Amino acid sequence: MTDTRFDPSKADGRWQSAWDKAGTFAADSNSPKPKSYILEMFPYPSGRIHMGHVRNYTMGDVLARYKKMRGHEVLHPMGWDAFGMPAENAAMEKKVHPGQWTRSNIEAMKAQLKRMGFALDWTREFATCDPEYYGHEQALFLDMYEAGMVERRSSEVNWDPVDMTVLANEQVIDGKGWRSGAEVEKRKLDQWFLKITDFADELLDGLDELKDWPDKVKLMQENWIGKSQGLQLRFDCGYGTEIEVYTTRPDTIFGASFVAVAPDHPVAEMVAQKNTEAADFIKQCKLGGTTAAALETAEKLGFDTGLRTENPLDVNTELPVYIANFVLMDYGTGAVMGVPGHDQRDFEFATKYGLPIKRVVASSADDATKPFDGEAESGDGILVNSGFLNNLSVEGAKAEVIKRAEMRGWGEGTTVWRLRDWGISRQRYWGTPIPIIHSPDHGPVPVPRDQLPVELPEDIDFDTPGNPLERHPTWKHTVCPISGKPALRETDTLDTFANSSWYFLRFASQPDGAPFDPAEIAKWMPVEHYIGGIEHAILHLLYARFWTRALADLGKFEVKEPFAALFTQGMVTHETYSLGDGSWLSPSEVKKDGADWVTIADGAPVTAGRVTKMSKSKKNVVDPDNIIAQYGADAVRWFMLSDSPPERDLPWSDAGIEGCYRFVQRLWRLFDAIDPAADGAGGAGGEDKALARKAHQAIVAVAEDIEALSFNKAVARIYELTGAAEKAKPGAARNFAIRAILHLIAPMMPHLAEEAYAKLGKSGLIADAAWPDHNPGMLVEDEVTIAVQHKGKLRDTLTVAKGLSKDELEALALASEKVQRSIDGAQVRKVIVVPDRLVNIVT
RNA sequence: GCGGGUGUGGCGGAAUGGUAGACGCCGGGGACUUAAAAUCCCCUGAGUUAUUACUCGUGUGGGUUCGAGUCCCACCACCCGCACCA
């Protein structure tokens, strides 16, 4: 009873080294135990760990430690998603080599992660910028290349005409280059693509197997893949010109009032050759960025080509052919038929250019002439004003039009995917070099396997914009592997999403001469729980699923889906602070003065603003390191798990972390209160039994909560049991409850748990201990509280023995004085009884 | 613009269609102390009221039901993603 305070500054480091020394968290693939692979999305080494990482890795850590207590052999690895643009930006701004910058960031962040006491297997650590890792990635790329999964074709990029460089979407701000401020243009380049569309069907169907993925993520992926059934039809424009159009609404064909093609459609280009106005319009369309959001929010512009076509089902209608900026060459056929009445985009376009808006779907035949209320109607109904389609349902009309088109030969029913092939070329230095040699005689040729990895040159400069690999004096000059004649290396590097598309396989096994070992993959994969941010719901997760399927197709292993269960956690948020001039202040620069906020420096008034995601730009960040130093890792971990459900945002608060620290100390005092002499004492009656029951219930409930990742509920249970144990009299039941609490918190507050475990004289580590057993007979309550309602409103509650019959409950409820007063002599018409729950009396 | 989500006290949140607000934070009152810190106890959705009790209350407006935070319809606000940020 000498240590009245738990001192994390001493205990944290002690147990972190103890785990390291014992190799507690090194995964043994030869263990006979059931395997659990717990993985959190690995971080980009930006320089500092942020609270989002802390939250993410704390959740995974609790699961990993819990599974270990449950007798599983756990793989819980960590590494670094180390390629990417920030390193190049640092190189330009701070004149430091991207590799050196990245390596020192990794070192700093690893030390921070260690201070959190995460149960990680550091023996499997790697960074994607390790030549060994990206060398294997190059080999996998060549495997895909040789299997016909890779293609080279022309595609648009954001081009900065002043800096003469390709820009990422995030570097385009309001259509202008972030550094030069120049108007960005779309420019076509030859680039490499992975043919993910060949897997579209599989990736869509595979979603059904993912029982433990959130429905919202599966729905987002489903919509992204975007399988649609429709009609591909041809419009004859005369002069031997035909426009192939794809539509998902063939039923509305009688409502068509124009045809529009993409600015880079062959027909648009043909028109532009003879018509300078058309050429100018297309040039206009090339301004601005390439993102879908930019294209779709831009004002809808069209150019009348002068070409005219006719509706194949309604030859009396002449349809103008437009070039339109909202039509995408990449989707469908690059041309659409415009039906303004039943498509909002077409409606706006038709309104702007004075084209007819015709109703062809209505809720009933009587509404055939009903005017539109300022917008298109895309809902269901029956066909009107549509000749032989009249009175058919939308679905029936679709089938009828497709049937007729196929019969007459002017179109056919087809499936179209929204998903596009994955452009993986990046005109940048800090990435995986694409292992291809451009031979003057043989075209693109794979780099021979024995020459892998193709390593990045170290001596590069970032003094001028553009790709340093392209400018390097010697690196790209090599010889053709076939002819031996001089040839040039591919200077594009792989999209960094490629690096994160197979890292989980490398964590599971890392043999010397191969990317991974199929036997080890079979032992560990799929990942049992994958945890990360919702922002990765589509791209990263779809690409990782694709690589896994592609590699399985190549016969590398059997697993088709990499992540059995997915969990997407919310962000860590914080209040924002700003001065009158709108400049942001960090939480460490402000303090509370009564009800107001002021600067610490000179007491100037501060406006406390909205609670938003912690971000450097708004300065509303709290550095985990400072918090760990002040409160210890366990208080921080507890905060990350408390209160907010893990899938929702977690608002950081100083009061909250202080509360967590107080709870750490409260537990420490409670653990001190175990009295081994009382273990044999105490009966099974009254309070003792109630506390013992609470403890048994908590053991079951906390386990269920952790398995469901409902950490906030587990935390609330532990608070409840702690409160009950504190109030209880010393005795066997109390000792049992306290020991249970010690084990229940072990995955969440491992340093405190180890310290208390040792102090209780236990040998070994609680990290290696088992989850406590419970007695099923101790779970059942023998009394229940019944709600008694009159006309749906609560009038009284009754505490009764569990399992009373409906009649008994009804009698008891009617006997209640409060209920009688409420009924006030009115006639009872109906009584609803839910056993062990409630009685509702209706008068 | 399109796709997906979220909305409950001062704050974070809990609640198989069945007692709304568990648990935590903040706040108020008290105990201990020379004093403070720490700790412990009590109160704490709003309103009316005798501490009895009643009314209102889960983003807004409708609906289904004996009973709706939960189900249905319409709307509002905010957040995430949109293919070269990771």
Side-chain angles (χ1 to χ4, degrees), chain A residues 4-5 41 43-44 46 81 83-86 157-158 166-172 191 196 214-217 219-224 226 289-298 300 326 330 344-345 348 418-428 495-497 499-500 533-540 542-543 568 570-571 573 610-613 642-645 647-651 653 655-660 662-663 665-666 669 712-713 715-720 723 726 785-797 818 821 829-832 834 837-842:
Chain A
T4 53
R5 311 266 308 160
M41 292 177 185
Y44 178 79
S46 57
D81 189 12
F83 276 136
M85 283 203 313
V157 294
N158 300 308
V166 177
L167 298 177
N169 283 337
E170 72 158 10
Q171 296 173 321
V172 179
Q191 308 199 66
I196 190 172
D215 288 338
K216 63 175 173 184
V217 174
L219 192 55
M220 281 191 257
Q221 292 216 350
E222 187 182 323
N223 290 337
W224 184 263
T290 58
T291 68
L295 292 172
E296 285 171 37
T297 49
K300 284 161 195 57
F326 63 87
D330 289 333
Q344 187 57 27
R345 227 165 25 180
E348 287 167 28
R418 206 189 77 99
L419 181 69
R420 309 201 298 258
D421 278 333
W422 175 10
I424 45 160
S425 278
R426 297 292 179 271
Q427 295 72 34
R428 284 183 231 294
D495 181 3
T496 55
F497 272 124
N499 311 144
S500 52
I534 185 68
E535 67 272 21
H536 295 293
I538 297 175
L539 293 181
H540 161 59
L542 192 65
Y543 292 149
T568 56
M571 301 175 299
T573 58
R610 306 184 37 152
V611 177
T612 63
K613 177 181 182 172
S642 304
D643 297 350
S644 287
E647 68 277 10
R648 289 228 220 131
D649 290 352
L650 171 69
S653 84
I657 184 69
E658 274 166 30
C660 292
R662 279 199 298 272
F663 187 62
Q665 299 301 342
R666 211 173 127 195
R669 289 191 298 274
N712 57 321
K713 292 191 213 166
V715 162
R717 302 248 185 220
I718 291 169
Y719 272 118
E720 267 185 290
E726 282 169 337
T785 306
I786 305 283
V788 184
Q789 299 177 331
H790 174 220
K791 292 196 283 191
K793 282 189 179 171
L794 183 73
R795 296 299 164 184
D796 200 3
T797 58
K818 289 178 183 173
R821 205 186 315 142
R829 295 202 318 229
K830 194 172 176 185
V831 179
I832 288 134
V834 183
R837 280 243 169 221
L838 122 166
V839 179
N840 187 12
I841 296 155
V842 187

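Predicted model, so just to flag it, every value in this text is computed and none were measured. Here is how names work: the chains are called A, B, and so on, in the same order as the sequence lines, proteins then strands, and each is numbered from 1. The basis for the numbers below is simple: all heavy atoms, side chains too, and nothing from hydrogens, waters or symmetry mates.
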Note to self: Check whether A:Gln221 reaches the backbone of A:Ala537 with its side chain - one donor and one acceptor, N or O, closer than 3.5 Å.
What the structure shows: yes
Next item on the list: Among B:C79, B:A22, B:U55, find the nucleotide with the atom closest to the side chain of A:Lys793.
Entry: B:U55
Complementary nucleotide of [N], counting Watson-Crick and G-U pairs under 3.5 Å:
| N | result |
| --- | --- |
| B:C66 | B:G18 |
| B:U39 | B:A31 |
| B:G12 | B:C23 |

Give every pair of a protein N or O atom and an N or O atom of nucleotides 10-13 of chain B that lie under 3.5 Å apart, one pair per line with the distance.
residue: B:G12; atom: O2'; partner: A:Ser644; partner atom: OG; Å: 2.6
residue: B:G12; atom: N2; partner: A:Asp643; partner atom: OD1; Å: 2.9

Using a heavy-atom cut-off of under 4.0 Å over every strand shown, decide if [X] touches base, sugar-phosphate, or nothing.
| X | value |
| --- | --- |
| A:Lys818 | sugar-phosphate |
| A:Arg717 | nothing |
| A:Arg610 | sugar-phosphate |

Listing time: all N or O pairs from protein to nucleotides 81-86 of chain B that are below 3.5 Å?
residue: B:A83; atom: OP2; partner: A:Ala292; partner atom: N; Å: 3.1
residue: B:A83; atom: O5'; partner: A:Asn169; partner atom: ND2; Å: 3.4
residue: B:A83; atom: N6; partner: A:Arg418; partner atom: O; Å: 3.0
residue: B:A83; atom: N1; partner: A:Arg420; partner atom: N; Å: 2.9
residue: B:C84; atom: OP2; partner: A:Arg426; partner atom: NH2; Å: 2.8
residue: B:C84; atom: O4'; partner: A:Arg426; partner atom: NE; Å: 3.1
residue: B:C84; atom: O4'; partner: A:Arg426; partner atom: NH2; Å: 3.3
residue: B:C84; atom: O3'; partner: A:Asn169; partner atom: N; Å: 3.3
residue: B:C84; atom: O2'; partner: A:Asn169; partner atom: N; Å: 2.6
residue: B:C84; atom: O2; partner: A:Arg428; partner atom: NH2; Å: 2.2
residue: B:C84; atom: N4; partner: A:Gln191; partner atom: OE1; Å: 3.0
residue: B:C84; atom: N4; partner: A:Ser425; partner atom: O; Å: 3.4
residue: B:C84; atom: N4; partner: A:Gln427; partner atom: OE1; Å: 2.9
residue: B:C85; atom: OP2; partner: A:Asn169; partner atom: N; Å: 3.3
residue: B:C85; atom: OP2; partner: A:Glu170; partner atom: N; Å: 2.9
residue: B:C85; atom: O4'; partner: A:Glu170; partner atom: OE1; Å: 3.1
residue: B:C85; atom: O4'; partner: A:Glu170; partner atom: OE2; Å: 3.4
residue: B:A86; atom: OP1; partner: A:Met85; partner atom: N; Å: 3.0
residue: B:A86; atom: OP2; partner: A:Thr496; partner atom: OG1; Å: 3.4
residue: B:A86; atom: O3'; partner: A:Asp81; partner atom: OD2; Å: 3.0

Notebook entry, point to check: Starting at the 5' end of RNA chain B and moving along, which residue's nearest nucleotide shows up first, A:Gln665 or A:Val834?
Noted result: A:Val834
Next item on the list: Could you pull out the closest heavy-atom pair between A:Asn169 and A:Thr291, with the gap in Å?
Entry: CG-CG2, 3.2 Å
Next item on the list: Using the P atom on both, measure B:A22 against B:A74 and round to a whole Å.
Entry: 35 Å
Please write out each protein N/O paired with an N/O of nucleotides 60-71 of chain B under 3.5 Å, distance rounded to 0.1 Å.
residue: B:C66; atom: O2; partner: A:Asn840; partner atom: ND2; Å: 2.5

Notebook entry, point to check: Does B:G69 adopt a syn or an anti glycosidic conformation, taking syn as a chi angle within 90° of 0?
Noted result: anti
